[in-house]
Asker: 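Here it is: the structure, laid out below.
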Amino acid sequence: QKQSIFFSKFLQMELYVALLVFTPFLMLQNYLQAAIGSISRAGFEIEGHFIPFVVVIAIAVLLFILITAWKKLDWWRIVSLIIIIVLMGIGQKTSDYYFNHKFYELQHNWHYFAYGIFTYVAYRYLKSKDLSDNAIILRTYLMALGASTFDESVQVFISSRIFDISDIGKDGWGTVIGLFIVFFVVEHGKIVQNGWKIREKRLRDYPKNPLSVLVLGAMFVYLLLFNSSLFADKIYWYYTILLTFGGFLFLFAIIHLSGYRKIRNGLLICLALIIIIQGFFFLKYKDEYIVKTSRELTIYKGIPILFYDVMIFPDGNFRFVDKKTFFNSRDLNTIFSKKPDILIFATGFEGKGGRGLLESFKEWDFVFNEHTLKGMQVFTLKNEEARVLFNRLKKEGKNVLCIIHSSK
């Protein structure tokens, strides 16, 4: 029986895309965003432990799904669901570090839910057109990134909204999660029934292999998510573009060329040499802390860090952080939550970083940290001065956190 156009899968997909595009700037900034935040923070206490309602509801929904779909569950689907949860966790750990969201907050997962649902809606429509799996995956990626880019472009003309390429990365990662749900849970892994082959002998065969399209698309989207989260400031947009496309082409070249035995052996030798050399320098400088800072290079414990700003935690671990020169109250709350006794802003070689906290002070001062309920000493120094101070304080056993701004 021919389906009515009013209930067609195409119309459902179009309406959902319209909802994705218009919801953020027509509703979200006015009242829905505050409501979502309030819902995420709502909960109750049991013996001094705060239990969010969102977590309780999520557990209830999960139990309902497990009970109703129990007969269809097997080890394949269970493992696939665990991998999907891991993918969501990777997205959370990669993006919006300075927002300091809890893992269960709806705002932290909004993009993943919204575009995960879009992926399923798009899949239903494209499947009805009798398209191959590889065509469905490729078109879903293109439609999702296209809709997200259009959404962000429209927001340029809306008051209090901006074009945020990191949101495109999060929407894309939601699409990756949705595609894994569709092809590994709903379709029970049919995509790999002929094996796990990703690499092809000829370049033109990659778009014909659904697993290749899915994995390579996920690789590109993650690079976009990673770089856009670290270069959120619009003045660094070209870093995101260059490092995403350049990184993808580099990794794709390695994957493809590794299909040739001689090249694969050469790559393995290069990898072994890199591991040996890096291991040597790490062992040599593991007690030296920040070995060097130049305009776009930081060497920490023998590990070279190019381009990216880096946060070194009091326990000695580090992570890449958003490249910025100005820190707002939300950013500072995240930094203070690490509970350092001493905070060092390495402000770049021109001293343009570290703004937003001590505008009236030139180099250092004490501030009150609500997370420790005591004073915290703060330094804002150019990179080389910050390096010397940080190394000295660490050798004295001080509880110090350092944020290094890499600048031209």
Side-chain angles (χ1 to χ4, degrees), residues 93 97-100 102 230 275-407:
K93 290 294 184 181
Y97 177 72
Y98 279 124
F99 280 71
N100 203 27
K102 303 296 183 183
L230 298 176
I275 292 174
I276 292 171
I277 293 171
Q278 181 59 78
F280 168 78
F281 281 107
F282 177 76
L283 292 174
K284 181 178 180 180
Y285 293 110
K286 65 184 180 68
D287 297 324
E288 296 298 320
Y289 304 106
I290 304 175
V291 179
K292 179 181 179 181
T293 57
S294 63
R295 290 192 176 273
E296 292 204 7
L297 171 67
T298 299
I299 300 178
Y300 177 64
K301 293 189 175 183
I303 302 172
I305 302 168
L306 285 169
F307 302 116
Y308 300 102
D309 283 14
V310 61
M311 178 184 292
I312 303 175
F313 300 101
D315 63 2
N317 292 320
F318 73 93
R319 67 158 287 154
F320 301 136
V321 289
D322 189 1
K323 183 181 286 291
K324 58 173 58 185
T325 58
F326 185 89
F327 295 86
N328 58 35
S329 58
R330 180 190 61 221
D331 305 329
L332 295 171
N333 184 60
T334 300
I335 296 168
F336 289 6
S337 69
K338 307 308 172 186
K339 300 181 179 180
D341 294 325
I342 303 171
L343 172 61
I344 299 175
F345 287 104
T347 60
F349 278 79
E350 296 178 0
K352 294 182 178 179
R355 295 180 294 119
L357 174 64
L358 302 174
E359 296 298 289
S360 59
F361 301 96
K362 292 184 177 180
E363 290 187 352
W364 68 272
D365 193 55
F366 282 93
V367 298
F368 180 73
N369 187 345
E370 293 182 353
H371 295 273
T372 60
L373 300 179
K374 61 181 181 180
M376 178 177 64
Q377 194 171 13
V378 181
F379 293 86
T380 55
L381 302 168
K382 291 184 179 180
N383 284 14
E384 183 58 24
E385 295 170 309
R387 182 189 72 84
V388 173
L389 177 63
F390 177 81
N391 289 348
R392 177 172 65 81
L393 292 173
K394 290 299 292 183
K395 289 178 180 179
E396 293 174 358
K398 303 297 185 182
N399 179 33
V400 56
L401 182 145
C402 182
I403 301 173
I404 301 174
H405 175 62
S406 176
S407 62

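Along the sequence shown, the residues carry numbers beginning at 1. Side-chain atoms are counted along with the backbone in the values below, which use heavy atoms only and exclude waters and symmetry mates.
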Asker: Below 4.5 Å, heavy atoms only, C-beta onward: do Tyr289 and Lys395 meet side chain to side chain?
Answerer: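 Of all side-chain heavy-atom pairs linking Lys395 with Tyr289, at least one is under 4.5 Å.
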Asker: May I ask you to test the Ile290-Ile404 pair for a side-chain heavy-atom distance under 4.5 Å?
Answerer: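 Yes, side chains in contact.
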Asker: Kindly indicate whether the side chain of Val291, heavy atoms from C-beta on, has any atom under 4.5 Å from the side chain of Phe281.
Answerer: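 No, too far: nothing below the 4.5 Å cut-off.
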Asker: With rounding to the nearest 0.5 Å, note down the distance linking CG in Leu393 to CG in Leu401.
Answerer: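 Reported to 0.5 Å precision, the distance equals 12.0 Å.
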Asker: Looking only at non-hydrogen atoms, find the nearest pair between Gly348 and Asn383 and report the distance.
Answerer: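 Residues Gly348 and Asn383, closest heavy atoms: N-OD1, 2.6 Å.
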Asker: Using the test side chain to side chain donor-acceptor pair (under 3.5 Å), find all partners of Lys352 that sit at least two apart in sequence or belong to another chain.
Answerer: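 Partners of Lys352 under the side chain to side chain donor-acceptor pair (under 3.5 Å) test: Glu350.
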Asker: Sequence neighbours left out, what passes side chain to side chain donor-acceptor pair (under 3.5 Å) with Asn333? Give chain and number order.
Answerer: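 For Asn333 the side chain to side chain donor-acceptor pair (under 3.5 Å) partners, ignoring immediate neighbours, are His371.
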Asker: Could I get the full list of side chain to side chain donor-acceptor pair (under 3.5 Å) partners for Tyr98, not counting sequence neighbours?
Answerer: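 Listed in chain order: nothing, the list is empty.
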Asker: So, applying side chain to side chain donor-acceptor pair (under 3.5 Å) with Glu396, which one of Lys398, Arg392, Lys394 is it?
Answerer: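 Only one of Lys398, Arg392, Lys394 forms a side chain to side chain donor-acceptor pair (under 3.5 Å) with Glu396, namely Arg392.
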Asker: Just jot down the side-chain contact (heavy atoms from CB on, under 4.5 Å) partners of Lys292, sequence neighbours excluded, or say none.
Answerer: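 If we apply the side-chain contact (heavy atoms from CB on, under 4.5 Å) test to Lys292, skipping adjacent residues, the hits are Ser294, Ile299.
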Asker: Filter on salt bridge (Lys or Arg N to Asp or Glu O under 4.0 Å), then keep only pairs touching residues 335-348, sequence neighbours left out; what's left?
Answerer: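 Listed once each, the pairs are Asp341-Lys374.
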Asker: Taking only residues two or more places apart in sequence, or in another chain, which ones meet Glu370 in a side-chain contact (heavy atoms from CB on, under 4.5 Å)?
Answerer: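 With neighbours one apart ignored, the set is Phe368.
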Asker: Could you pull out every donor-acceptor pair under 3.5 Å between side chains of residues 300-325 and any protein atom, sequence neighbours left out?
Answerer:
{"from": "Tyr300", "atom 1": "OH", "to": "Gly316", "atom 2": "O", "distance (Å)": "2.7"}
{"from": "Tyr308", "atom 1": "OH", "to": "Asn227", "atom 2": "OD1", "distance (Å)": "2.8"}
{"from": "Asp309", "atom 1": "OD1", "to": "Lys323", "atom 2": "NZ", "distance (Å)": "3.0"}
{"from": "Asp309", "atom 1": "OD1", "to": "Ser406", "atom 2": "N", "distance (Å)": "2.8"}
{"from": "Asp309", "atom 1": "OD2", "to": "His405", "atom 2": "ND1", "distance (Å)": "2.9"}
{"from": "Asp315", "atom 1": "OD1", "to": "Asn317", "atom 2": "N", "distance (Å)": "3.0"}
{"from": "Asp315", "atom 1": "OD2", "to": "Asn317", "atom 2": "ND2", "distance (Å)": "3.2"}
{"from": "Arg319", "atom 1": "NH1", "to": "Lys93", "atom 2": "O", "distance (Å)": "3.3"}
{"from": "Asp322", "atom 1": "OD1", "to": "Ala232", "atom 2": "N", "distance (Å)": "3.4"}
{"from": "Lys323", "atom 1": "NZ", "to": "Phe307", "atom 2": "O", "distance (Å)": "2.6"}
{"from": "Lys323", "atom 1": "NZ", "to": "Ser406", "atom 2": "O", "distance (Å)": "2.6"}
{"from": "Lys324", "atom 1": "NZ", "to": "Asp331", "atom 2": "OD1", "distance (Å)": "3.3"}
{"from": "Lys324", "atom 1": "NZ", "to": "Asp331", "atom 2": "OD2", "distance (Å)": "2.8"}
{"from": "Thr325", "atom 1": "OG1", "to": "Arg355", "atom 2": "NH2", "distance (Å)": "3.1"}

Asker: Could you tell me the separation between the CD1 atom of Ile344 and the CG atom of Leu389, rounded to the nearest 0.5 Å?
Answerer: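 One gets 4.0 Å once the value is rounded to the nearest 0.5 Å.
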Asker: Taking only residues two or more places apart in sequence, or in another chain, which ones meet Thr347 in a side-chain contact (heavy atoms from CB on, under 4.5 Å)?
Answerer: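 Once residues adjacent in sequence are excluded, the partners of Thr347 under the side-chain contact (heavy atoms from CB on, under 4.5 Å) criterion are Phe345, Thr380, Lys382.
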Asker: Of all residues at least two apart in sequence or in a different chain, which pass the side chain to side chain donor-acceptor pair (under 3.5 Å) check with Asp287?
Answerer: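 Scan of Asp287 (side chain to side chain donor-acceptor pair (under 3.5 Å), adjacent residues dropped) gives none.
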Asker: Do side-chain atoms of Asn369 reach the backbone of Phe336 as a donor and acceptor pair under 3.5 angstrom?
Answerer: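 Answer holds: yes.
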Asker: Got a second to check how far Phe349's CZ is from Glu384's CD, nearest 0.5 Å?
Answerer: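 The CZ atom of Phe349 sits 6.5 Å away from the CD atom of Glu384.
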Asker: Got a sec, which residues hit side-chain contact (heavy atoms from CB on, under 4.5 Å) with Lys284, two or more places apart in sequence or on another chain?
Answerer: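 Per chain and number, Lys284 pairs via side-chain contact (heavy atoms from CB on, under 4.5 Å) with Phe280.
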